[in-house]
Amino acid sequence: MSDRLFDKPVYVKNGRYLTLEIACVHDALMFLHEWPENDRDLIYDTAWKACCDAHDGIKPLITAQNAIKGFARKRGILDIPTAPIPWAVEKSSNSGQLPA
């Protein structure tokens, strides 16, 4: 897996009730690779090329992040969480213990 993480993950709807987190260029490439071939177009090709170029170090990571976000927006699958995701919330400093 690539260690080249995005500043912020991109969330896309994957089915009716699931959300997929795309956190790096590798995730974006895997997501695009699995996209149905009969539904690929110029927007897909542009996102694919941007992600490949970012993976190869030709373009900055933000290019891939923006490309996958734009692709998801055009497809109507971009998901913007309205509540904090449980694993992204900072834990309290008292390790979950109640005060005395």
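Fair warning: this is a prediction, and the values are worked out from it, not measured in the lab. Because only heavy atoms are used, hydrogens play no part in the values below, and waters and symmetry mates are left out as well, while side chains stay in.
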I'd like to know if the side chain of D41 reaches the main chain of I43, judged simply by a donor and an acceptor atom lying under 3.5 Å from each other, with no hydrogens or angles considered.
yes
Once you round to the nearest 0.5 Å, how far does SG of C51 lie from CG of D56?
11.0 Å
Checking R75 against D39 for the side chain to side chain contact (heavy atoms under 4.5 Å, CB included) test, could you report, in this order, the C-alpha distance in whole Å, the side-chain angles of both residues, the deciding distance, and whether it holds?
CA-CA 10 Å; R75 294 289 192 223; D39 195 22; 4.1 Å; yes
Decide whether V10 and W35 are clustered together by the hydrophobic rule: side chain heavy atoms of Ile, Leu, Val, Met, Phe, Trp, Tyr closer than 4.5 Å, transitively.
yes
Minimum-distance pair of heavy atoms, taken over all atoms of A64 and A50:
CB-O, 4.2 Å
I want to check something: taking the side chain as every heavy atom from C-beta on, are F6 and D27 in contact at a cut-off of under 4.5 Å?
no
To the nearest 0.5 Å, how far apart are OG1 in T19 and CD1 in I80?
11.5 Å
What is the minimum heavy-atom distance between A54 and P60, and which atoms define it?
CB-O, 3.8 Å
Going by the angle between their ring planes, with limits at 30° and 60°, are H33 and W48 parallel, tilted or perpendicular?
tilted
Between Q65 and K8, what is the shortest heavy-atom contact and its length?
NE2-O, 3.0 Å
May I ask whether V25 and I62 are part of the same hydrophobic cluster, defined by side-chain heavy atoms of I, L, V, M, F, W, Y residues being less than 4.5 angstrom apart, directly or through others?
no
Option from L29, L78, I22 for which side-chain contact (heavy atoms from CB on, under 4.5 Å) with I68 holds
I22
Can you name the nearest heavy-atom pair linking L20 to F31, along with the distance?
CD2-CD1, 3.6 Å
Using a strict threshold of under 4.0 Å (side-chain N to carboxylate O), is an ion pair present between K49 and D53?
yes
